[in-house]
Amino acid sequence: MFRVLVADKLPQSALDRLDAMGCDVHFDAGLKEESLKEALKSLQPEVVVVRSTKVRHAHFEAAPSMSLVVRAGAGVNTIDLEGASERGVYVSNCPGKNAVAVAELAWAHILNADRRVADGVSDLRLGRWKKKVYSKGAKGLKGRILGLVGLGAIGRAVAQRAQAFEMPVVAFDPGVGQEEMAALGVEKKTSVEGVAAVSDVLSVHVGLNEHTRGLMGETVFSALKEGAIFVNTSRGPVVDEAALGRAVTEKGVRAGLDVFCDEPAGDGDWSSDLLGLDGVY
């Protein structure tokens, strides 16, 4: 019988399935940092399941029993892979499981950035009627070019939904060939800058690794059109936030961001230089 520590939010149905498999399941979605370390020492689980909770080197040392860490999501950047390797712990993830949800979120950001829905709601709640301001500010999406950086499960789900908006799609992904992109109705570009240069909307869908950290930097935002929409629902450190800030203030770029470089692990007070900029959502 495997002892499984679920140290993050997970649906009850998933917990029930683990239990039905005969696992000894321990669930505490509030475990972080030191509290996670203490729970690992006490329970000595063979398997640990997390989502956004970070598993660091000290956590592997706290539980010699651990043989597998599962991240219930795409990517493994929240797991100390070096620490896992030193202890002979397998690390697994679930790529593609939330692809549609992330694609829908990306489209929510795209539509909001074009129509400025959030700004309109904010003004309305403050008693400000600005119908003319917001009705004139939208360019619409039909016929505008959607650029994608990354054409994995999420990028493909975003591209599929672009068809309903009658948007041509271009993409950069060195792992996807031209014929495969053509079959998806996507035009292949040979560089991120090449995508940015023709895009009215640029959306990022890559994992975080040594090749993608800071990928969306000065050269990309310099290539991006004036007044374009930029969306990041992948990982914060993929973006050079200082370069993005300059693009927002100097080129009128509107940015929809689900992630940030130094975002907190839990709810509470937090600040970023990007948060005070008009056009950042």
Side-chain angles (χ1 to χ4, degrees), residues 98 100-149 154-155 157-159 161-169 195-205 216-218 220-264 266-281:
N98 62 344
V100 170
V102 177
E104 290 176 352
L105 177 60
W107 276 105
H109 274 299
I110 292 168
L111 289 164
N112 171 70
D114 181 54
R115 296 287 170 176
R116 299 174 64 194
V117 177
D119 291 338
V121 171
S122 179
D123 275 331
L124 194 62
R125 285 179 174 166
L126 292 172
R128 300 169 181 162
W129 186 257
K130 294 185 176 181
K131 183 176 181 179
K132 290 183 179 179
V133 172
Y134 295 118
S135 63
K136 292 180 179 179
K139 297 179 181 179
L141 298 179
K142 181 179 178 178
R144 300 179 76 195
I145 297 176
L146 170 64
L148 300 174
V149 178
I154 296 172
V158 173
R161 284 150 182 78
Q163 296 175 6
F165 291 98
E166 299 180 55
M167 295 181 72
V169 182
V195 172
V198 299
S199 295
D200 298 292
V201 179
L202 181 61
S203 190
V204 188
H205 304 286
M216 311 306 291
E218 195 68 55
V220 174
F221 292 117
S222 294
L224 194 60
K225 294 180 181 181
E226 297 271 346
I229 293 169
F230 174 75
V231 174
N232 183 20
T233 55
S234 59
R235 295 290 184 266
V238 167
V239 176
D240 178 339
E241 292 185 345
L244 172 58
R246 287 189 290 273
V248 171
T249 56
E250 297 172 9
K251 301 182 68 171
V253 169
R254 295 179 186 174
L257 307 175
D258 180 53
V259 287
F260 296 85
C261 287
D262 298 313
E263 63 183 58
D267 294 349
D269 295 336
W270 179 67
S271 181
S272 165
D273 291 340
L274 291 173
L275 301 186
L277 300 180
D278 288 339
V280 174
Y281 303 96

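When a residue number appears, it is its place in the shown sequence, counting from 1.
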Interatomic distance, [X] atom [atom1] to [Y] atom [atom2] [nearest 0.5 angstrom]:
X    : Y    : atom1 : atom2 : result
T249 : L277 : OG1   : CG    : 6.5 Å
H109 : D114 : NE2   : CG    : 14.5 Å
L202 : I145 : CG    : CD1   : 12.0 Å
R115 : S135 : CZ    : OG    : 9.5 Å
L244 : E218 : CG    : CD    : 10.5 Å
I110 : R144 : CD1   : CZ    : 10.5 Å

Heavy atoms only: give me the nearest [X]-[Y] pair and the separation to one decimal.
X    : Y    : result
A106 : H205 : CB-CE1, 4.1 Å
K142 : E166 : CE-OE1, 3.2 Å
M167 : L141 : CG-O, 3.2 Å
V248 : A255 : CG2-CB, 4.4 Å
S199 : G147 : OG-CA, 3.2 Å
K251 : S222 : NZ-O, 3.0 Å

[X] side chain near [Y] side chain, heavy-atom distance below 4.5 Å:
X    : Y    : value
L148 : V195 : no
Y281 : L257 : no
E241 : D273 : no
V149 : V220 : no
R161 : V100 : yes
M216 : F221 : yes

Does [Y] offer a backbone N or O that forms a donor-acceptor pair with the side chain of [X] under 3.5 Å?
X    : Y    : result
R116 : Y134 : no
D123 : R128 : no
E263 : G236 : no

For F165, what residues pass the ring-ring contact (aromatic ring centres under 6.0 Å, His included) criterion, not counting sequence neighbours?
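Residues passing ring-ring contact (aromatic ring centres under 6.0 Å, His included) with F165: W107.
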Can you sort out the partners of F260 under ring-ring contact (aromatic ring centres under 6.0 Å, His included), two or more places apart, ordered by chain and number?
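By the ring-ring contact (aromatic ring centres under 6.0 Å, His included) rule, F260 matches W270.
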Tell me, with the steps shown, if L111 and V117 meet side-chain contact (heavy atoms from CB on, under 4.5 Å).
CA-CA 8 Å; L111 289 164; V117 177; over 6 Å; no
Quick one: do L146 and V158 satisfy side-chain contact (heavy atoms from CB on, under 4.5 Å)? Show the steps, please.
CA-CA 10 Å; L146 170 64; V158 173; 4.0 Å; yes
With a 4.0 Å cut-off on N to O distance, would you call K139 and D200 a salt bridge?
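Answer for the salt bridge query: no.
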